[in-house]
Amino acid sequence: GARLEVKLLGPLEARVEGVLVDQWVRRKAQLVLAALALYPRGLALPELGELMGGEDAKPTALKVAISYLRHALEPALAKGAPSAYVVLEHERYRLVADAATVDVRAFEAALDAGDLAGALAIYRGNLLDEPFFHKFFEAEREQLRGRAVAAALQLAAGQRAAGDLAGAEAQLARMAAIAQTDEAPYQALMDL
């Protein structure tokens, strides 16, 4: 099974072998982890630089952030040793697919399979819901939030039709709390 678990829905959380990674020397290392988790094809240094912007976009600064990320995930990793989780292939940095699971992928897979309840159970909150990340990944955040709201509305409608008004109310109230700027869950709650 995967040894690295990355949760991007809600606050960023990373676990290695079930142990929470909580020793982050630099926030930019967390940003690199989030980017690599969101883009499984990986990212070249210029793409990472475009994402980070400013002084952090310089190749040297990016390589330092990647080094900090590797060290956060594998504190005992010797300098120059290959990482079990972050690799460079064909000039693109990426997470090793066999070694990592990402909640965004699980959320999308559950939705695509029609498992609305399962998908919403994975959706802990909006993408990278921390002030540091608010200026990054805005389009991705909106897209995922829209899919979650649509799933919650569809699930609540099914619950309502089945006579489970309490379940529908709970589902809509939870989504209204998560997607505070979206009127649809509030409107559905008032209708209920």
Side-chain angles (χ1 to χ4, degrees), residues 1-53 56-113 115 118-119 121-130 132-145 147-148:
R3 296 169 295 180
L4 171 63
E5 180 183 5
V6 182
K7 293 185 177 182
L8 303 175
L9 297 170
L12 175 69
E13 184 179 299
R15 293 183 181 274
V16 175
E17 302 286 346
V19 177
L20 181 66
V21 177
D22 60 0
Q23 298 298 313
W24 296 98
V25 177
R26 300 275 165 92
R27 294 287 295 197
K28 296 298 181 182
Q30 292 177 304
L31 181 57
V32 171
L33 174 61
L36 297 181
L38 277 172
Y39 298 101
R41 280 188 54 236
L43 295 164
L45 279 179
E47 293 168 319
L48 269 173
E50 187 177 312
L51 179 98
M52 294 179 134
D56 296 314
K58 294 180 179 176
T60 304
L62 295 169
K63 289 178 182 179
V64 167
I66 293 165
S67 176
Y68 279 121
L69 170 59
R70 287 177 169 159
H71 183 70
L73 299 177
E74 302 169 273
L77 186 67
K79 186 174 181 155
S83 170
Y85 306 114
V86 181
V87 295
L88 174 63
E89 291 178 344
H90 309 292
E91 298 186 28
R92 298 179 77 78
Y93 288 93
R94 67 173 183 80
L95 294 180
V96 176
D98 301 8
T101 60
V102 179
D103 64 348
V104 169
R105 302 285 160 254
F107 169 73
E108 291 176 325
L111 283 180
D112 293 344
D115 181 9
I122 295 167
Y123 200 87
R124 300 179 303 139
N126 296 316
L127 181 70
L128 299 164
D129 200 9
E130 300 172 57
F132 172 76
F133 292 110
H134 285 174
K135 65 182 178 181
F136 303 103
F137 311 114
E138 291 176 25
E140 293 89 343
R141 186 174 296 111
E142 287 301 314
Q143 187 261 342
L144 289 166
R145 182 175 33 236
R147 290 193 77 188

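These values consider heavy atoms only, across backbone and side chains, with no hydrogens, waters or symmetry-generated copies.
- A search for side-chain hydrogen bond (donor to acceptor under 3.5 Å, both in side chains) contacts involving Asp22 returns nothing, not counting sequence neighbours.
- What you find for Val32 and Ala65 is that their closest heavy atoms are CG2-CB, 3.9 Å.
- Listed by first and then second residue, the salt bridge (Lys or Arg N to Asp or Glu O under 4.0 Å) pairs that reach into residues 35-44 come to none, sequence neighbours excluded.
- Under the side chain to side chain contact (heavy atoms under 4.5 Å, CB included) criterion, Glu47 pairs with Leu43, Ala44, Arg92, sequence neighbours left out.
- Partners of Glu89 under the side-chain hydrogen bond (donor to acceptor under 3.5 Å, both in side chains) rule, at least two apart in sequence or in another chain, are Arg94.
- Rounded to the nearest 0.5 Å, atoms NZ (Lys135) and CZ (Phe137) are 12.0 Å apart.
- Annotation: side-chain hydrogen bond (donor to acceptor under 3.5 Å, both in side chains) contacts of Arg141 (sequence neighbours excluded): none.
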Applying side-chain contact (heavy atoms from CB on, under 4.5 Å) to Leu4 and Val21, what does each step give before you reach the verdict?
CA-CA 10 Å; Leu4 171 63; Val21 177; 5.6 Å; no
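- With sequence neighbours left out, Asp103 forms a side chain to side chain contact (heavy atoms under 4.5 Å, CB included) with Lys7, Leu8, Leu9, Ile122, Arg124.
- Residues Ala14 and Leu33 approach most closely at CB-CD2, 3.8 Å, considering heavy atoms.
- Between Phe133 and Phe136, the ring planes lie perpendicular to each other; the angle is over 60°, past the 30° to 60° tilted range.
- Going from atom CG of Leu111 over to atom CG of Leu144 covers 9.0 Å, rounded to the nearest 0.5 Å.
- Partners of Glu130 under the salt bridge (Lys or Arg N to Asp or Glu O under 4.0 Å) rule, at least two apart in sequence or in another chain, are Arg27.
- Partners of Tyr123 by ring pair (Phe, Tyr, Trp, His ring centres under 6.0 Å), not counting sequence neighbours, listed by chain and number: Phe107.
- Using a 4.5 Å heavy-atom threshold, the side chains of Val16 and Glu5 count as separate.
- In this structure, CD on Glu138 lies 12.0 Å from CG on Leu128, to the nearest 0.5 angstrom.
- Under the rule for a side-chain hydrogen bond (donor to acceptor under 3.5 Å, both in side chains), the partners of Tyr39 that lie at least two apart in sequence or sit in another chain are Glu140.
- Applying the side-chain hydrogen bond (donor to acceptor under 3.5 Å, both in side chains) definition to pairs two or more places apart or across chains, none involves residues 62-72.
- Residues satisfying the salt bridge (Lys or Arg N to Asp or Glu O under 4.0 Å) criterion with Arg15, sequence neighbours excluded, are Glu13.
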Solution key, residues 73-88 side-chain donor-acceptor pairs under 3.5 Å, sequence neighbours excluded:
unit_1	atom_1	unit_2	atom_2	d
Glu74	OE1	Ser83	OG	2.4
Glu74	OE1	Ala84	N	3.3
Glu74	OE2	Ala84	N	3.1
Ser83	OG	Tyr85	N	3.0
Ser83	OG	Val86	N	3.0

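- Of the inter-residue distances, the one linking Ile66 atom CD1 with Lys28 atom NZ reads 13.5 Å to the nearest 0.5 angstrom.
- Between Asp112 and Arg147 there is a salt bridge, with a side-chain nitrogen of the basic residue lying less than 4.0 Å from a carboxylate oxygen of the acidic one.
- More than 12 heavy atoms of other shown residues, nucleotides or ligands fall within 6.0 angstrom of atom CD in Gln143.
- Closest approach of Leu48 and Ala35 over heavy atoms only: CD2-CB, 4.2 Å.
- The nearest pair of heavy atoms linking Gly118 to Ala110 is C-CB, 4.3 Å.
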